[in-house]
Every structure is written in C-alpha cells, then in structure tokens.
S.K.: 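Take a look at this one; I'll ask things after.
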Protein chains: 2
Amino acid sequence: MTARARIRDAAVSLFAERGIKGTSVREIAAEAGVSLGLVRHHFGSKEDLRAACDAYVLDRLMRLKEEILLDGRQPGAGPMPGAHPVVLFLLRYFARSVADGSPAADAMFAELVGSSQRWVQEHHGGRVADPGAYASLLVATEVGLLVMRAQVSRQLGADILGPDGHLRLSRAKLEFYSKPLLDEGSAELAYKALDRLEREHSVRRRSGTGRAASGGPASGGAVKGRAEQGRAGRGGGAP
Amino acid sequence: MTARARIRDAAVSLFAERGIKGTSVREIAAEAGVSLGLVRHHFGSKEDLRAACDAYVLDRLMRLKEEILLDGRQPGAGPMPGAHPVVLFLLRYFARSVADGSPAADAMFAELVGSSQRWVQEHHGGRVADPGAYASLLVATEVGLLVMRAQVSRQLGADILGPDGHLRLSRAKLEFYSKPLLDEGSAELAYKALDRLEREHSVRRRSGTGRAASGGPASGGAVKGRAEQGRAGRGGGAP
DNA sequence: TCGTTGACTGTACGCGTGTATAGGGTCAGA
DNA sequence: TCTGACCCTATACACGCGTACAGTCAACGA
C-alpha cells in the first residue's frame with residue numbers, strides 16, 4: 001500500500017471519528033506512519049486533504065452502491081442502505097461530513113433525496129402530497145442514524161454498525177417504515193390543526209396581532225404526553 | 001441583562017451554530033460584549049462553560065416542555081416536538097450537542113427515547129415488536145432533522161426553523177408518520193430476507209465461510225446510480 | 001557519469017488557542 | 001475612612017496548530 005493511500009485512509013478514518021476540527025494533520029501523519037511534511041506534499045493544505053477525502057469516499061460510495069444494486073440478490077425494501085461493512089464505514093464518514101457541513105456532502109445529500117423522491121413517486125404515485133419533503137425525511141432518518149450512531153447503539157445495547165445491532169435496527173426500520181406511527185384519524189386532526197395555525201399565522205402576518213406562533217404538529221410525545229405547543233409568546237431565544 | 005447571562009446566551013448561540021471546537025472563548029466574549037477574562041471568571045474553563053450551557057439548555061427545554069404539556073391546547077399528534085421558536089432554538093443546540101457528543105445530551109437523548117417508547121407502547125400496544133428500537137428511530141428522525149437543518153432546508157426551499165419551512169415540514173412529517181413507506185407485502189419479504197441473512201450469518205460465524213455480507217434490507221434506491229466526482233488522484237499538491 | 005525528478009524527513013515560523021494572574025474600579029458595612 | 005467582596009479588564013505565557021521550506025535519498029534517462 002502506497003504512503004499516499006495510507007495517508008488518505010488515515011484521514012478518512014480520523015475525520016469520520018473525530019470530525020475535521022477535532023483532527024490535526026500531525027495525528028493523520030502519525031496514524032499513517034509518515035512525516036508531517038509528506039501529508040502536505042501529497043495533498044496540500046488540510047482543506048485540500050478534506051476535499052480529496054470527500055471526493056474519494058463519495059465516489060467509492062457511488063460505485064459500491066452500483067455494484068450492490070447490480071448483483072442485488074437482496075429483495076428491495078425501499079430506499080434503505082445496505083449493510084456492507086465498507087459501505088457502513090464510508091457512510092459514517094459521509095454522515096460526519098454532513099453534520100460538519102461540506103459542499104460535497106451537501107451535493108450527495110441532495111442526490112440521495114432526489115433518488116429517494118423518485119422511488120417514492122414510482123411506488124406511491126399520487127398518494128404522497130409532498131414527495132420532496134417526504135424523501136428528505138427519509139434521508140434525514142437514515143443519515144441521522146449514522147450521525148447518532150453512539151446514542152442509538154447505546155439505546156439498543158449493540159453497535160448498530162456491528163452484525164447484531166445492525167440486524168435489530170434493520171428489523172426496527174421495517175416496522176418503522178411499514179407500521180405508521182399515527183392513524184388516519186389523528187393525522188387528519190393534526191392536519192386541521194396545522195391549517196388553523198396557518199390561517200392564524202397569515203392573519204397575524206397581515207396585521208400585527210399579538211399571539212405568537214407556535215405552530216407545528218403537536219408536541220410532546222417526545223416528551224410524553226400529547227398536546228403541543230402552546231402560546232408562543234415569549235421573546236426570542238437566547239440573545 | 002447581567003453580563004453573566006449575556007455570556008451564557010452568546011455561548012449557547014455560537015456553540016449551536018459552529019460547534020464547540022469551532023467556537024473560541026474570545027469569540028464568545030466578543031459576542032457578549034465583555035472581556036475574555038470575565039468569561040473565565042464566571043464560568044471557569046471552556047469545558048465548564050460548555051457543561052453550564054448543556055445544563056441550562058436541557059433544563060430550559062424540560063421546563064418548557066412541561067409548560068407546553070400542561071396548557072396543551074393543540075391536538076396531540078404523537079411524539080413530535082412543538083414549534084415554539086424558543087424550543088426550536090434550544091433544540092438546535094441540543095442537536096449540535098448530540099452530534100458533537102456530550103454526556104448531558106446523551107442523557108437527554110435517552111430520556112426522549114424513553115418517553116417516546118412509552119408513548120408508542122401506550123398507543124400501539126403489542127403491535128410493535130421492538131418499541132425501544134422503534135422509539136430510537138423516531139427520536140433519530142426528529143433530532144436528525146435539526147442536525148441537518150441546512151441540508152433539509154435547502155431541499156425544501158425554506159428554512160425549516162422559519163414559519164413557512166416549518167409548516168411544510170410539519171405536514172410532510174404527518175405524511176411520513178401516517179403513510180407507510182413500505183406495504184405489508186414488501187415488508188414481509190424483507191423480514192424473510194433478514195431471517196435468511198441471520199441464519200447465514202450465524203453459520204458463517206460458526207465456521208468461517210466466505211462471502212462478504214452485503215446484507216440488510218436492500219440497498220440502493222436511495223442512490224440510484226451515477227457517480228459524480230472523479231477519483232481522488234492527483235499528484236503533489238503543494239510545491 | 002551526471003542531472004533531474006519525485007518521494008520523503010526535519011525543523012522552524014507565525015498565529016490563535018485556552019489558561020493564568022495581577023490589577024482597577026465600585027459599593028456595602030464596620 | 002478603611003476594608004473586603006465582587007465584577008470586570010488587560011496582559012502574558014505556553015502550547016498546539018497549519019504552513020513553509022531546505023535538504024536527503026533513491027530511481028532513472030541521457
């Protein structure tokens with residue numbers, strides 16, 4: 001393995017684990033077993049190195065997915081990522097990149113949403129009113145799981161990137177994607193609440209009525225109970 | 001407003017926006033309009049300041065949720081967070097904290113999963129086989145949306161923390177949570193595939209069979225095809 | 001053989017960082 | 001008036017960072 005490849009692998013690994021800011025070029029050099037100067041010789045600045053890693057990982061991810069798709073002996077279960085250990089590793093880098101904010105990762109995020117949206121439209125025709133937002137939610141869930149790998153793994157009692165945890169998570173995903181959280185009744189109720197809220201909001205917008213906004217589909221459960229937001233009064237957040 | 005509160009608010013705001021590593025104590029001092037020394041005088045080390053922010057935000061979040069719960073005039077639509085501007089701001093800090101990794105945020109994540117799980121069990125009785133994992137997915141989706149605010153907002157064409165984007169996202173969430181992505185047939189098929197995979201895996205585990213894993217519930221949709229960037233190649237960067 | 005090229009190392013520079021500490025005000029109470 | 005407590009500023013220090021550059025060594029073509 002060439003020194004250049006070792007440096008790249010070390011960078012991808014450390015960036016994925018500790019983030020860009022949390023990783024020094026010296027650490028990368030040490031991990032790759034080369035001198036600090038060689039990193040710069042091969043990749044230029046740290047930002048250049050990061051861009052090279054982005055390009056490498058994303059390209060690799062695309063190619064691997066194609067392969068998986070082609071041999072696809074697995075029954076397609078919708079836009080869910082596969083379990084290739086390599087893919088999972090690369091996806092972890094991707095997730096970190098998205099969380100840290102990188103143009104290349106943003107582009108791939110957009111592409112994922114695009115193809116998920118296509119999938120949704122193909123399989124659910126006109127039943128979904130806002131396929132773009134629906135697809136965004138789907139991608140946010142999948143990428144979010146990678147970003148929050150540590151927390152989710154702790155909840156499940158097994159690393160979701162390991163065999164056991166991944167299996168359990170995959171089954172849970174099937175439940176999550178096939179058994180709706182909300183029944184039609186409460187969804188309809190919530191839609192109505194949103195419509196009401198929008199009217200209030202536009203009224204408020206037109207004339208400076210008091211009553212601040214607070215709008216979304218209910219709250220709480222995450223917090224337990226139900227109900228949702230209440231007033232909005234209150235002033236701004238922190239500042 | 002006391003200088004101490006200004007410092008705390010500035011820290012929360014900057015930490016939420018740029019992350020812990022991406023924010024210097026000097027920037028916080030400047031944002032709060034105080035000297036560097038005063039930050040240290042009031043909060044001690046940077047890590048202490050971060051812990052104080054964690055405690056403040058999480059406590060505030062809990063109290064606000066309680067208030068929201070109590071007056072709750074909105075119809076409950078399940079475990080979805082409300083739209084209080086303040087809550088959203090605090091949630092953004094929370095999301096960043098989760099992504100960056102903080103014990104306090106981890107604890108709150110666990111608590112959110114716990115109450116979501118309770119909600120699921122209460123409303124779906126025995127219909128969900130793995131309520132813990134199901135609830136984790138729910139929380140990962142919600143927090144993931146906050147973490148990926150920029151990307152999701154770009155997809156939707158409006159800031160999901162602003163009135164318009166939030167409304168659209170809320171409606172999409174209702175679709176996402178009430179219209180299942182997978183029908184029973186394909187879910188059943190995928191379950192079977194997972195079972196088969198598990199058997200293969202345990203066999204492989206027992207005796208070292210070849211064939212790498214590539215498992216999971218199918219792959220690809222999300223990605224479709226096509227690669228985008230070119231290799232990582234390129235020669236010496238810097239002269 | 002010589003000269004060139006490219007991989008690779010070692011060392012140094014400037015800068016921003018978190019941390020430390022001495023000191024200047026102001027105000028309440030003895 | 002003095003004194004001590006506080007809130008607050010200013011300055012300094014050591015350190016790790018990204019960056020820059022001179023130089024060593026081996027391979028290779030003329």
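Only heavy atoms go into these numbers, but all of them, side chains included; no hydrogens, no water, no symmetry mates. In what follows, chains are A, B, ... by sequence order, proteins preceding strands, each numbered from 1.
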S.K.: Which part of the nucleic acid, if any, lies within contact of Ser35(A), taking any heavy atom under 4.0 Å across all strands shown: a base, the sugar-phosphate backbone alone, or nothing?
M.R.: base
S.K.: Both Ser24(A) and Gly37(A) contact DNA chain D. Taking the nearest nucleotide for each, which residue is further toward the 5' end?
M.R.: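 By nearest-heavy-atom nucleotide position, the 5'-most residue is Ser24(A).
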S.K.: Record whether the side chain of Arg26(B) comes under 3.5 Å of the base of dG18(C) through a donor-acceptor pair of N or O atoms.
M.R.: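 Under the 3.5 Å cut-off, the side chain and the base do form a donor-acceptor pair.
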S.K.: Hey, is Arg168(A) close enough to Asp130(B) for a salt bridge, meaning N to O under 4.0 Å?
M.R.: yes
S.K.: Rounded to whole Å, how long is the line connecting atom CD1 of Ile28(B) with atom P of dT17(C)?
M.R.: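 Between P of dT17(C) and CD1 of Ile28(B): 11 Å.
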S.K.: Between Arg40(B) (CZ) and dA10(D) (C1'), how many Å, whole number?
M.R.: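 So the two atoms are 15 Å apart, to the nearest Å.
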S.K.: So which atom in Ala3(B) and which in Leu38(B) form the shortest heavy-atom distance, rounded to 0.1 Å?
M.R.: CB-CD2, 4.0 Å
S.K.: For Thr2(A), report the nucleic acid contact type (base, sugar-phosphate, nothing); a contact means any heavy atom under 4.0 Å.
M.R.: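 No contact.
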S.K.: So, using side chain to side chain contact (heavy atoms under 4.5 Å, CB included) as the criterion, who are the partners of Ser45(B) when residues are at least two apart?
M.R.: Arg40(B), Glu47(B), Asp48(B)
S.K.: Go through dC8(C), dC17(D), dC7(D) for me and flag the one nearest to the Leu38(A) side chain.
M.R.: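 So the side chain of Leu38(A) is nearest to dC8(C).
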S.K.: In whole angstroms, how far is the P atom of dT19(D) from the CG atom of Leu36(A)?
M.R.: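 Spelled out: CG on Leu36(A) to P on dT19(D) is 10 Å.
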S.K.: Scan residues 41-52 of chain B against DNA chain D and write down, sorted by residue number, each residue with any heavy atom closer than 4.0 Å; if none is found, say none.
M.R.: His41(B), His42(B)
S.K.: Using side chain to side chain contact (heavy atoms under 4.5 Å, CB included) as the criterion, point out the one residue from Val34(A), Leu36(A), Asp9(A), Ile7(A) that pairs with Ile28(A).
M.R.: Ile7(A)
S.K.: Got Tyr177(A) and Leu138(A) here, is their nearest side-chain heavy-atom distance under 4.5 Å?
M.R.: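 Tyr177(A) vs Leu138(A): side chains touch.
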S.K.: Using salt bridge (Lys or Arg N to Asp or Glu O under 4.0 Å) as the criterion, list what pairs up with Asp100(B), not counting sequence neighbours.
M.R.: none
